[in-house]
Amino acid sequence: MQDKYNFSEIEKKWQDKWAQTNAFKVTEDPDKEKYYVLEMFPYPSGKLHMGHVRNYSNGDVIARFKKMNGFNVLHPMGYDAFGLPAENAAIQHNVEPAEWTWGNIAEMNRQLRTLGLSYDWDREVATAHPNYYKWMQWIFVQFFKKGLAYKKESSVNWCPSCQTVLANEQVVDGCCERCGSVVGKKNLSQWYFKITDYAERLLSNLDQLEGWPNKVKIMQRNWIGKSHGAELTFKIKDYDEELTVFTTRIDTIYGTTFMVLAPEYPTLMKMVEGTEYEKPAKEYIERCARMNEIERTSTTNEKTGVFIGKYAINPFSGQEMPIYIADYVIMGYGTGAVMGVPAHDQRDFEFAKKFGIDIIPVIDVHDPDIDLNNLQEACAAEGTLINSAEFTGMDNKEAIEKIAEIADERGIGRKTINYRLRDWLISRQRYWGTPIPMIYCEDCGWVPEKEENLPVLLPTDVEFTGKGESPIVTSKTFVDTVCPVCGKPAKREVDTMDTFLDSSWYFLRYCDARNDEAIFDKDKVDYWMNVDQYIGGVEHAIMHLMYARFFQMALYDLGLVKDEEPFKNLLTQGMVIKGYNDSNGNYIKAKMSKSLGNVVGPAEIIEKYGADTARLFILFAAPPERELDWSDQGVEGSFRFLNRIWRLVAEFLDKYENKPGEYEIRNEADKKLNYMMNYAVKKVTEDVRDRFNFNTAISAVMELVNEMYRYKEGDVNDALLSTVIRKMLILLAPFVPHITEELWSELGYEGSVHEQSWPSFDEKALVKDEIEIVVQINGKNKEKIYIPAEITRDEMLEIAKENDIVKGLIQGKEVIKMIAVPGRLINIVVKG
RNA sequence: GCGCCUGUGGUGGAAUUGGCAGACACGCUAGAUUUAGGUUCUAGUGCGAGAGCGUGGGGGUUCAAGUCCCUCCAGGCGCACCA
């Protein structure tokens with residue numbers, strides 16, 4: 001055996017071998033328990049970064065561990081291959097998006113293989129491949145037929161830089177999630193998915209997702225934004241229209257002194273038409289329309305608005321209340337109309353102050369610090385109703401129920417629920433995406449392409465200008481077609497789908513990735529789904545993870561899958577960060593990024609130390625959910641540990657014969673090593689299986705290796721040492737697959753270390769005869785005593801009291817209490 | 001503003017059920033090996049001269065608190081004029 005740990009040679013050798021033998025191919029096996037482990041698939045940018053390496057290393061440990069524990073493991077990989085960068089490459093470098101994408105995928109495949117990951121490559125998918133997007137279009141058609149896809153014109157988020165619309169979820173702080181440009185508004189006719197039909201299920205199912213991090217569930221709950229309240233209808237004085245508002249505080253109805261409509265309120269202009277209020281209203285609405293999302297939603301803005309000359313009638317008090325337009329009311333939430341209760345809502349309070357509207361307190365909050373008749377700010381607390389006719393004196397929670405009930409009886413309102421979640425806008429004015437398989441016919445309207453004609457292929461005769469509409473309109477072959485229903489000339493939809501659709505069901509396609517006849521075979525999906533362990537970054541907490549849940553539910557309703565939820569357990573891994581010195585020389589830790597110059601590429605680490613070292617460092621430096629602080633010195637340390645193992649095995653083979661099996665425990669040294677070995681097996685098993693604490697699992701093996709180094713300097717029991725080495729290699733195999741495979745073969749073992757079953761541990765070896773017990777006096781550590789392990793509480797205390805140091809410390813003092821915790825400590829409480 | 005998370009040596013982190021704080025690793029110090037550097041090996045390494053003191057600060061519960069409760073501070077994340 002070579003003295004030197006020649007990682008590059010070893011890693012290449014085994015990667016080739018695994019590829020040739022298709023080592024990680026799996027098929028359905030009803031006799032075995034299945035385990036589906038999935039890492040979020042990458043966008044094929046062409047270059048792997050450390051975040052990818054961390055993601056896939058985590059998944060690979062779990063996959064290999066589960067396989068060694070007897071599970072039939074599905075561990076696939078693929079590419080989220082549609083998207084804007086390919087199109088930008090086309091504009092900037094004049095390369096076809098397809099060519100650019102397939103080239104990147106080939107390059108990423110090569111890089112992924114250098115990491116030694118246990119994927120079943122036969123199941124690889126790429127969403128930009130017609131074999132994949134054919135079924136994406138098929139799903140769209142099913143959704144359309146079920147009424148889940150519809151087209152409507154409305155004011156949408158428009159990114160002026162990407163030249164496309166964005167979903168609500170893709171607007172972050174008023175800016176485009178992708179490019180950071182300030183998002184504007186535009187009226188366009190676009191395709192939507194009715195995700196709001198699923199709001200309640202998306203919300204309530206979260207409770208069943210016990211294997212999901214709380215943080216993600218809370219974020220989804222907030223995003224869905226369920227709000228209990230009531231709708232209430234107001235008549236308008238001398239005008240034949242009613243206004244309906246949504247409110248969570250119908251108990252404050254007697255404190256309502258004005259009404260506010262959103263600038264986009266549909267019948268607004270009709271209300272002011274031909275009156276003196278038409279001009280100011282129009283000006284105000286236009287001013288709002290010009291504002292971008294940031295200006296519009298800034299909470300620091302002073303309230304603005306204009307009176308429209310009409311009065312609503314409070315259905316309970318009969319009072320006439322002026323109606324205003326104000327931009328603090330949003331058309332997208334509730335009804336776009338709000339009842340103004342300045343005494344008990346801060347925004348209404350500010351508005352009322354500015355416009356000199358009455359502030360009538362109707363809830364007594366029983367707080368001596370608050371003067372209800374001279375409020376300095378709105379008071380939103382619970383309390384007792386005042387100034388509220390027959391409801392005065394009622395508890396406000398009771399009043400919420402009662403008033404809604406009466407409104408219902410009178411036919412002017414009812415209890416209702418509102419969600420913040422909006423329907424999902426899925427059209428994109430882009431080329432490099434799945435074509436929406438819809439056709440517009442003058443007579444038949446929007447009709448889907450016939451299923452036998454799918455896929456609707458992306459045309460290749462297009463020009464990439466980067467301006468305005470979808471580049472597909474420039475195709476001479478795509479747009480004109482015939483109506484699938486009546487056969488008359490018709491036009492195809494030129495927009496493509498949001499790429500988040502592609503990634504909302506790829507985990508299902510992996511179950512049967514090469515099926516040309518159907519989206520997938522139901523038996524196969526029923527066997528593999530759900531995903532037992534999903535792993536990815538927390539940045540996907542809302543969009544991807546909610547869209548995928550929506551798809552799964554909709555497909556469930558179509559009878560295509562057997563569960564409503566796709567991902568049983570979710571692991572959200574932390575970012576990879578690295579310290580750097582900023583322009584002032586301060587040391588700052590931040591996410592690896594090109595602009596900060598604190599990037600370490602996987603390729604350079606693999607070249608210098610090998611994939612096993614890169615994996616080991618990443619797995620050892622922090623538990624998966626935390627941020628990972630990149631440290632070049634830490635990488636050196638991991639490399640050192642692998643060299644240490646290499647030398648240990650080399651020296652062993654030099655001196656002894658490898659003969660694992662029966663061995664005798666001859667002395668204390670044997671016993672200690674045997675203990676450490678069993679302890680490591682127990683620790684690694686439990687840390688990986690129950691907690692994904694890979695860092696502490698690795699540290700347990702490090703302790704074992706340290707013990708082996710001590711042990712080999714003494715009287716060596718070669719059968720025992722052979723066994724320890726064998727088990728150590730198996731324990732490390734999921735983390736560092738190449739070096740363990742090489743050493744396995746050097747030791748003369750048949751087959752692959754990765755085919756071995758996971759070792760068990762001997763409980764008996766973990767029982768110690770004598771244990772160390774801490775003796776505390778008044779809770780302070782004073783002495784350590786060694787006592788037999790099997791001993792009663794009373795015997796423990798006797799031994800402690802006989803100890804000279806303890807005796808001295810309690811002499812002349814009154815012993816008040818003695819506490820003995822078997823196996824841990826003794827605490828003697830004394831006075832005086 | 002609301003919601004959530006995190007604060008432990010010089011550094012990354014450990015302490016799983018309230019029971020020896022600092023496992024393991026990095027770094028550092030000394031020594032050995034080496035012509036030298038590197039590698040490797042050995043010993044030491046929370047602070048303090050010491051009794052002691054130590055898990056962001058303050059308070060509490062308990063025989064016992066990194067862990068439970070209250071409160072404040074700092075950093076991070078999410079949502080945000082959501083009626």
Side-chain angles (χ1 to χ4, degrees), chain A residues 172-173 213-223 225-227 229 245-250 252 260 262 296-301 303 326-330 332-341 344-348 350-351 380 418-421 538-539 541-542 575 579 589 616-617 620-623 625-638 640-641 643-644 647 683 686-687 690-691 693 695-706 709 713 772-784 816-830:
Chain A
V172 178
D173 293 333
N214 237 333
K215 181 189 166 77
V216 174
K217 290 196 276 189
I218 289 166
M219 280 165 75
Q220 292 210 355
R221 265 185 212 115
N222 290 341
W223 190 263
K226 184 178 185 175
S227 175
V245 303
F246 172 75
T247 177
T248 55
R249 293 296 302 271
I250 198 167
T252 63
V260 200
R296 176 73 190 270
T297 59
S298 168
T299 47
T300 53
N301 276 359
K303 295 280 173 291
D327 66 353
Y328 79 90
V329 175
I330 305 158
Y333 184 79
T335 60
V338 167
M339 58 185 231
V341 188
H344 304 290
D345 180 283
Q346 185 58 28
R347 294 152 300 171
D348 296 344
E350 286 164 23
F351 192 83
N418 226 302
Y419 298 93
R420 205 190 77 107
L421 186 70
V538 73
E539 65 273 19
I542 295 175
M575 286 188 305
K589 284 175 180 174
L616 186 69
F617 169 72
F620 177 65
E625 275 163 301
R626 279 225 223 173
E627 277 187 342
L628 177 103
D629 202 347
W630 188 267
S631 151
D632 293 329
Q633 286 169 331
V635 177
E636 295 264 4
S638 293
R640 221 152 34 214
F641 174 66
N643 275 287
R644 217 164 132 77
R647 285 195 308 272
K683 179 82 177 150
E686 290 173 357
D687 279 351
D690 305 335
R691 285 178 289 275
N693 281 356
N695 56 332
T696 50
I698 291 164
S699 80
V701 182
M702 286 174 168
E703 284 180 90
L704 176 62
V705 170
N706 289 344
Y709 263 82
E713 297 307 314
E772 190 187 75
I773 292 286
V774 172
V775 183
Q776 299 180 332
I777 310 284
N778 289 344
K780 302 245 182 285
N781 298 354
K782 292 295 177 188
E783 171 68 332
K784 285 180 179 177
I816 295 167
K817 204 170 183 180
M818 292 201 292
I819 289 125
V821 183
R824 297 206 186 265
L825 56 67
I826 287 167
N827 189 9
I828 302 172
V829 187
V830 297

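Below, read A as the first sequence line, B as the second, and so on, with proteins coming before strands; counting in each chain starts at 1.
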Worksheet item: Distance check: side-chain N/O of A/N706 vs OP1/OP2 of B/rA25, anything under 4.0 Å?
Response: yes
Discussion item. Could you tell me the Watson-Crick or G-U partner of B/rU16, where both distances fall under 3.5 Å? Say none if there is no partner.
Written reply: none
Worksheet entry | Rounded distance (Å) that lies between atom P of B/rA83 and atom OH of A/Y419 | 14 Å
Worksheet item: Out of curiosity, A/S699 OG to A/L704 CG, how far, rounded to the nearest 0.5 Å?
Response: 11.5 Å
Worksheet item: Given the P atoms of B/rG56 and B/rG66, what is the spacing between them in whole Å?
Response: 10 Å
Worksheet item: Given A/T696 and A/D687, is the side-chain hydrogen bond (donor to acceptor under 3.5 Å, both in side chains) satisfied, shown in steps?
Response: CA-CA 7 Å; A/T696 50; A/D687 279 351; 2.8 Å; yes
Worksheet entry | Phosphate OP1/OP2 of B/rC82 contacted by A/R347 side-chain N/O (<4.0 Å) | yes
Discussion item. Under a plain distance cut-off of 3.5 Å, with no hydrogens placed, do A/N222 and A/R420 share a side-chain donor-acceptor pair?
Written reply: no
Fill in: Short side-chain N/O contact from A/R647 to OP1 or OP2 of B/rU39, under 4.0 Å
no
Discussion item. Can you identify which nucleotide, out of B/rA83, B/rG27, B/rA23, has its nearest atom closest to the A/T247 side chain?
Written reply: B/rA83
Practice prompt. Please determine, for B/rA32, whether a Watson-Crick or G-U wobble partner exists with both distances under 3.5 Å, and give it or none.
Written response: B/rU40
Worksheet, complete the sentence: Counting primed atoms, P, OP1 and OP2 as sugar-phosphate and everything else as base, the B/S/- map of nucleotides 8-15 of chain B against protein heavy atoms under 4.0 Å is ----BSS-
Worksheet item: Can you tell me how far C1' of B/rU17 sits from CG of A/D690, to the nearest Å?
Response: 14 Å
Fill in: Integer-rounded Å distance: B/rC20 C1' and A/N781 CG
5 Å
Worksheet item: To the nearest Å, how far apart are A/I777 CD1 and B/rG52 P?
Response: 12 Å
Worksheet entry | Inter-nucleotide C1' distance (B/rA15, B/rA64), Å rounded | 16 Å
Worksheet entry | Distance, rounded to the nearest Å, where A/K782 contributes NZ and B/rA51 contributes C1' | 9 Å
Discussion item. With the 90 degree cut-off around zero defining syn, does B/rG9 come out syn or anti?
Written reply: syn
Fill in: Pairing of A/R249 and A/D345 as salt bridge, 4.0 angstrom limit
no
Discussion item. Using whole Å, what does the distance between atom P of nucleotide B/rG19 and atom CD1 of A/I773 come to?
Written reply: 14 Å
Item to complete: Quick one: look up who B/rC2 pairs with, Watson-Crick or G-U, both distances under 3.5 Å, and put none if it's unpaired.
Response: B/rG78
Worksheet item: A/R824 CZ to B/rU17 P: how many Å, rounded?
Response: 11 Å
Worksheet item: Applying a 3.5 Å limit to both distances, which nucleotide forms a Watson-Crick or G-U wobble pair with B/rU45?
Response: B/rG27
Fill in: Euclidean distance, atom CG of residue A/N827 to atom C1' of B/rA64 [Å, nearest integer]
6 Å
Response to the item:
For B/rA65, the nucleotide meeting Watson-Crick or G-U wobble distances (both under 3.5 Å) is none
